[in-house]
Amino acid sequence: MYDKLFCRKNLRIIFFFYLLVVIKVIIFKYPLWQLREIAAGWEKDVILEGLDTANFTLFKTIRMYIDYSDRLNSFENLVGNIVVFIPFGFLLPYVIRWGRNFFVMLLHAFIFVVGIEVFQLFSAFGAFDVDDILLNCFGAVIGYVFYLGFEGFRKRSYRNRTEMR
């Protein structure tokens with residue numbers, strides 16, 4: 001029992017640091033001096049500029065990256081947006097009991113990603129892109145599939161060990 005609680009506590013700590021890393025990588029990706037310059041220029045115009053540069057059209061950015069894959073860092077952007085959220089889908093079921101439910105996990109991922117995107121929209125620390133929401137949530141779904149596979153393997157392994165005794 002102690003091992004289970006110890007493991008769960010450690011996974012919560014890992015998940016917390018994972019979330020901090022995601023926020024750092026996605027929102028605060030620029031050097032500190034550049035973030036200060038952006039913050040110093042915050043005015044009503046920044047919000048309007050964010051609305052002008054935002055992508056509210058589903059698959060627009062994805063299509064652009066596919067069409068210009070030879071000229072842009074398309075692979076890094078598409079795959080990176082997916083990969084960064086795989087740990088979310090894998091870890092959340094271990095962190096909160098309700099996270100074992102697929103829809104609860106997906107809702108948490110969606111809320112977290114939309115929070116990041118809305119912050120980028122109004123802060124100018126990035127650009128709002130509806131395709132990022134789709135790709136990030138898809139990454140969380142892949143992580144959840146890994147969680148299901150890992151749990152299936154773990155339970156089979158445990159059953160086999162107990163049957164051998």
Side-chain angles (χ1 to χ4, degrees), residues 11-96 98-151:
L11 284 173
R12 284 182 175 167
I13 292 168
I14 290 168
F15 187 69
F16 175 75
F17 280 107
Y18 159 75
L19 293 177
L20 290 178
V21 168
V22 168
I23 290 169
K24 166 67 175 120
V25 167
I26 294 176
I27 295 177
F28 301 108
K29 57 186 163 248
Y30 304 114
L32 188 59
W33 65 268
Q34 197 171 1
L35 293 173
R36 283 188 184 134
E37 283 182 11
I38 293 170
W42 281 347
E43 294 175 0
K44 188 171 34 171
D45 294 341
V46 171
I47 295 171
L48 297 175
E49 183 181 314
L51 288 170
D52 285 343
T53 61
N55 172 34
F56 295 102
T57 307
L58 198 57
F59 298 111
K60 180 180 177 182
T61 305
I62 294 171
R63 223 176 302 115
M64 180 190 68
Y65 282 137
I66 292 169
D67 290 345
Y68 298 104
S69 61
D70 58 329
R71 287 175 252 162
L72 301 172
N73 54 349
S74 306
F75 182 79
E76 294 88 356
N77 281 311
L78 290 174
V79 174
N81 272 309
I82 294 169
V83 169
V84 75
F85 274 85
I86 290 174
F88 190 100
F90 183 82
L91 291 172
L92 188 72
Y94 293 111
V95 173
I96 60 171
W98 295 341
R100 295 177 190 153
N101 179 301
F102 172 77
F103 295 107
V104 170
M105 180 284 304
L106 187 58
L107 179 65
H108 278 80
F110 180 77
I111 290 169
F112 183 58
V113 171
V114 167
I116 289 172
E117 291 298 319
V118 168
F119 182 81
Q120 288 180 324
L121 177 67
F122 294 120
S123 71
F125 282 180
F128 179 93
D129 191 341
V130 72
D131 288 340
D132 287 350
I133 297 170
L134 177 70
L135 293 168
N136 294 161
C137 288
F138 181 64
V141 168
I142 292 171
Y144 186 79
V145 169
F146 286 155
Y147 157 76
L148 292 176
F150 180 74
E151 280 301 301

Are side-chain heavy atoms of [X] and [Y] found at a separation under 4.5 Å?
{"X": "Tyr65", "Y": "Ile62", "value": "no"}
{"X": "Phe88", "Y": "His108", "value": "yes"}
{"X": "Val22", "Y": "Phe85", "value": "yes"}
{"X": "Phe56", "Y": "Leu51", "value": "yes"}
{"X": "Ile66", "Y": "Ser74", "value": "no"}
{"X": "Phe128", "Y": "Ile133", "value": "yes"}
{"X": "Leu107", "Y": "Phe103", "value": "no"}
{"X": "Thr61", "Y": "Asn77", "value": "no"}

Measure the [atom1]-[atom2] distance between [X] and [Y] for me, rounded to the nearest 0.5 Å.
{"X": "Leu32", "Y": "Arg36", "atom1": "CG", "atom2": "CZ", "answer": "4.0 Å"}
{"X": "Arg63", "Y": "Thr57", "atom1": "CZ", "atom2": "OG1", "answer": "8.5 Å"}
{"X": "Glu76", "Y": "Leu78", "atom1": "CD", "atom2": "CG", "answer": "9.5 Å"}
{"X": "Glu117", "Y": "Asn55", "atom1": "CD", "atom2": "CG", "answer": "9.5 Å"}
{"X": "Phe90", "Y": "Glu151", "atom1": "CZ", "atom2": "CD", "answer": "7.5 Å"}
{"X": "Ile116", "Y": "Leu19", "atom1": "CD1", "atom2": "CG", "answer": "8.5 Å"}

- How are the rings of Tyr147 and Tyr94 set relative to one another: parallel (under 30°), tilted (30 to 60°) or perpendicular (over 60°)? perpendicular

- Taking atom CZ of Phe16 as the centre, does the number of heavy atoms from other residues, nucleotides or ligands within less than 6.0 Å exceed 12? no

- Message: Looking at Lys29, I'd like to know if its NZ atom is crowded, meaning that more than 12 non-hydrogen atoms belonging to other residues, nucleotides or ligands lie closer than 6.0 Å.
- Response: yes

- Between the side chain of Gln120 and the main-chain N/O of Asp129, is any donor-acceptor distance below 3.5 Å?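 No, the answer is negative, given that no donor and acceptor are paired below the 3.5 Å cut-off.
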
- Is there a donor-acceptor contact under 3.5 Å from the side chain of Tyr144 to the main chain of Ile86?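 Looks like no, no N/O pair under 3.5 Å.
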
- Message: The test is side-chain hydrogen bond (donor to acceptor under 3.5 Å, both in side chains); show your working for Asp132 and Asn136 and say whether it passes.
- Response: CA-CA 6 Å; Asp132 287 350; Asn136 294 161; 5.8 Å; no

- Query: Between Leu134 and Phe59, is a side chain to side chain contact (heavy atoms under 4.5 Å, CB included) present by the stated rule, with each step listed?
  - Reply: CA-CA 9 Å; Leu134 177 70; Phe59 298 111; 3.6 Å; yes

- Task: May I ask you to check whether Phe125 and Tyr30 place their ring centres under 6.0 Å from each other?
- Result: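 Ring centroids of Tyr30 and Phe125 are no less than 6.0 Å from each other.
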
Can you name the closest pair of heavy atoms from [X] and [Y] and give their distance?
{"X": "Ala109", "Y": "Ala140", "answer": "CB-CB, 3.7 Å"}
{"X": "Met105", "Y": "Leu92", "answer": "CA-CD2, 3.6 Å"}
{"X": "Ile38", "Y": "Ser123", "answer": "CG2-O, 3.7 Å"}
{"X": "Leu91", "Y": "Leu11", "answer": "CD2-CD2, 4.0 Å"}

- ring pair (Phe, Tyr, Trp, His ring centres under 6.0 Å) against Phe138, all qualifying residues, sequence neighbours excluded: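 So Phe138 forms no ring pair (Phe, Tyr, Trp, His ring centres under 6.0 Å) with any residue.
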
